[in-house]
Amino acid sequence: MSCVPFGLVVQWQPLRRDGECRRRPCASERRPPGARRRRRRPPNPPLSVPRTAAGARRYRAERAHRECARWEARWYRGCPSALEAKGVFVAAEVADVGIAGIIGFVGAGNMAAALVRGLLGERVVTPEQLWATNRSNDARLAALRDRHGIAVTRSKREIAGAASILVLAVKPRDMSEVLRELDGLVRADHLVISVAAGIPLRTIEAALPGAAVVRAMPNTSAAVQESATAVAAGAHAGPAHLATAETIFRAVGDVMTVDEDLLDVVTGLSGSGPAYVYRLIEAMIHAGTELGLEGPLARRLAIQTLVGAARMLETSREDPGALRERVTSPGGTTMAALRALEDRGFAAAIREAIGRAADRAREMSEEFG
Ligand SMILES: NC(=O)c1ccc[n+]([C@@H]2O[C@H](COP(=O)([O-])OP(=O)(O)OC[C@H]3O[C@@H](n4cnc5c(N)ncnc54)[C@H](OP(=O)(O)O)[C@@H]3O)[C@@H](O)[C@H]2O)c1
């Protein structure tokens with residue numbers, strides 16, 4: 001029996017109809033005379049209450065996995081004779097997450113690989129539900145197939161025919177070619193999700209008339225399942241399409257729904273955001289080493305400071321301003337540091353950076369749209 005939980009997919013287990021119990025002999029019956037009893041596997045440690053979004057996802061996955069294991073144990077050791085006597089089938093697994101149907105990735109690069117890892121890691125789908133295609137890089141396709149057991153093809157017709165959800169994970173400059181190649185292959189019941197930065201919904205909808213389209217703006221932290229993703233629905237996309245898109249991106253981090261006209265700002269804030277944070281950490285390491293710390297030590301301190309501060313924000317639900325004030329004693333070291341930052345226009349520089357990135361995203365929409 002599979003150990004993968006499904007939301008919409010129900011796996012059925014055939015039961016014998018002859019009324020005979022198919023219970024395996026129990027351990028004491030199987031043990032040769034005189035053999036020592038095998039030590040029992042220790043029970044699973046209790047699950048600790050998650051405190052972060054990533055922890056919550058791991059918690060859900062582990063809980064679903066344990067529930068599955070319990071089902072398997074019950075199935076193989078016990079004999080559901082009441083059901084068996086009726087000669088019926090029993091639903092072996094129904095869980096609260098999952099996507100039915102096949103997801104086809106058009107573009108098999110970094111973003112597609114991150115989504116494949118997340119979807120399988122979070123058990124949202126099984127490998128059989130994932131297909132991928134790209135333009136020419138056979139080695140990359142083969143790596144995805146070998147590592148994750150997903151199906152790969154070079155044919156857009158084949159992938160569009162098999163999949164009910166198509167994820168367009170190509171660079172913005174390749175989008176017009178992909179849309180041309182998909183012309184006539186996309187059905188009205190397809191959900192098309194684009195992750196290409198700067199390609200407006202209207203461009204995709206014009207090329208694939210009638211299709212439900214959702215545009216997503218994830219960020220590079222999808223590679224470690226910590227993306228901040230915003231999704232926006234097109235004209236033919238309903239709540240169910242949006243919910244499916246959210247389920248897909250939740251597998252690689254947090255996901256929020258916005259109107260499309262806000263996606264440029266989202267691009268400026270969270271799409272390009274990891275780079276601002278890398279720049280901050282880079283500057284902190286540089287300063288630390290200039291002031292006498294060893295490089296690796298400065299790096300460790302800076303990264304852990306960032307992780308700790310982010311976790312404080314995530315768990316305390318307090319405003320960042322309130323947390324900042326709490327750690328800033330009048331006349332203390334932190335106050336001296338923050339004054340230096342503001343003297344050099346720290347907040348204004350960040351505002352300018354996000355504004356410029358949003359403007360560039362808008363320009364790109366006009367260029368590619
Ligand atoms: N990576 C990120 O962290 C990130 C974050 C936010 C948004 N995004 C968005 O995600 C999209 C993909 O980014 P990426 O980093 O995954 O790019 P990537 O690693 O360069 O992958 C692009 C993929 O598109 C394929 N491709 C190009 N033309 C194609 C065609 N005509 N038909 C089928 N496949 C085609 C390429 O195939 P070949 O290798 O065979 O050429 C490659 O597999 C971009 O639009 C980007 O804006 C990415």
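When a residue number appears, it is its place in the shown sequence, counting from 1. First listed ligand is number 1; within each ligand, the first listed atom is number 1.
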Worksheet item: What protein heavy atom is closest to atom 39 (O) of ligand 1, reported as residue, atom name and distance in Å?
Response: N137 CB, 3.4 Å

Worksheet, complete the sentence: Near A197 (heavy-atom distance under 4.0 Å), the atoms of ligand 1 are 45 (O), 47 (O)

Worksheet item: Considering only heavy atoms, does P172 approach ligand 1 within less than 4.0 Å through its side chain, its backbone, both, or neither?
Response: both

Worksheet item: What's the verdict on salt bridge (Lys or Arg N to Asp or Glu O under 4.0 Å) for R311 and E314, showing C-alpha distance, side-chain angles and the deciding distance?
Response: CA-CA 5 Å; R311 200 153 285 160; E314 198 178 45; 5.1 Å; no

Item to complete: Could you tell me the separation between the CD1 atom of I193 and the CD1 atom of I248, rounded to the nearest 0.5 Å?
Response: 4.0 Å

Item to complete: Measure from atom 46 (C) of ligand 1 to every heavy atom in T267, T220, N219, V195 and give the option owning the shortest one.
Response: V195

Discussion item. In this structure, does ligand 1 have an atom that sits under 4.0 Å from one of the heavy atoms of P218?
Written reply: yes

Worksheet item: Is the shortest distance from a heavy atom of A108 to ligand 1 less than 4.0 Å?
Response: yes

Practice prompt. Return the set of residues passing side-chain contact (heavy atoms from CB on, under 4.5 Å) with A108 (not counting sequence neighbours), or none when no residue passes.
Written response: A132, N134, L141, L144

Worksheet item: Under 4.0 Å from any heavy atom of K156, which atoms of ligand 1 are there?
Response: 30 (C), 32 (N), 33 (C)

Fill in: R173 and E367 ion-paired at < 4.0 Å
no

Worksheet item: Of the protein's non-hydrogen atoms, which lies at the shortest distance from atom 27 (C) of ligand 1, and what is that distance?
Response: D174 OD2, 3.4 Å

Worksheet item: What do you reckon, does T133 have a nitrogen or oxygen under 3.5 Å from a nitrogen or oxygen of ligand 1?
Response: no

Worksheet item: Judged by atom type as modelled, is there a donor-acceptor pair below 3.5 Å linking the side chain of S227 to the main-chain atoms of N219?
Response: yes

Practice prompt. Output the list of atoms in ligand 1 that are nearer than 4.0 Å to some heavy atom of A169, sorted by atom number.
Written response: 12 (C), 22 (C), 23 (C), 24 (O)

Worksheet, complete the sentence: heavy-atom search around atom 36 (C) of ligand 1 in the protein gives N134 CB, 4.2 Å

Worksheet item: Given N110, V167, T229, which one has a non-hydrogen atom that is nearest to atom 15 (O) of ligand 1?
Response: N110

Worksheet item: Looking at V170, which atoms of ligand 1 are within less than 4.0 Å of one of its heavy atoms?
Response: 11 (C), 12 (C), 24 (O), 25 (C), 26 (N), 34 (N), 35 (C), 44 (C), 45 (O)

Worksheet item: What's the shortest distance from atom 48 (C) of ligand 1 to any protein heavy atom, and which residue and atom give it?
Response: M111 CE, 3.7 Å

Worksheet, complete the sentence: Quick note on ligand 1: atoms under 4.0 Å from a heavy atom of V178 include exactly 29 (C), 30 (C), 31 (N), 32 (N)

Item to complete: Salt-bridge test for R362 and E366: reply yes if a basic N is under 4.0 Å from a carboxylate O, no otherwise.
Response: no

Discussion item. For atom 29 (C) of ligand 1, what's the nearest protein heavy-atom neighbour? Residue, atom name and distance, please.
Written reply: R135 CB, 3.6 Å

Discussion item. Tell me the protein heavy atom at minimum distance from atom 21 (O) of ligand 1, and give that distance in Å.
Written reply: G109 CA, 3.3 Å

Item to complete: Could you tell me whether a side-chain N or O of E260 sits under 3.5 Å from a main-chain N or O of L201, the two making a donor and an acceptor?
Response: yes

Worksheet item: What distance do H241 atom NE2 and H236 atom NE2 have between them, rounded to the nearest 0.5 Å?
Response: 10.5 Å

Worksheet item: Out of curiosity, N110 CG to R140 CZ, how far, rounded to the nearest 0.5 Å?
Response: 5.0 Å

Practice prompt. Kindly write out the residues that satisfy side-chain hydrogen bond (donor to acceptor under 3.5 Å, both in side chains) with D319, not counting sequence neighbours, or none if the list is empty.
Written response: none

Fill in: Identity and distance of the protein heavy atom lying nearest atom 13 (O) of ligand 1
K171 NZ, 4.0 Å

Worksheet item: So, for V252 and G118, which heavy atoms are closest and what is the spacing to 0.1 Å?
Response: CG1-CA, 4.1 Å

Item to complete: Classify the contact between E181 and ligand 1 as side chain, backbone, both or neither, using a heavy-atom distance cut-off of under 4.0 Å.
Response: side chain

Worksheet item: Distance-only, no hydrogens or angles: does the R215 side chain make a donor-acceptor pair with backbone N or O of I199 under 3.5 Å?
Response: yes

Discussion item. Applying a heavy-atom cut-off of 4.0 Å, say which part of E177 lies close to ligand 1: side chain, backbone, both or neither.
Written reply: side chain

Discussion item. Just to confirm my output: which protein heavy-atom neighbour is closest to atom 25 (C) of ligand 1, and how far is it?
Written reply: G107 CA, 3.7 Å

Fill in: Donor-acceptor contact present, side-chain S155 to main-chain E158, <3.5 Å
yes

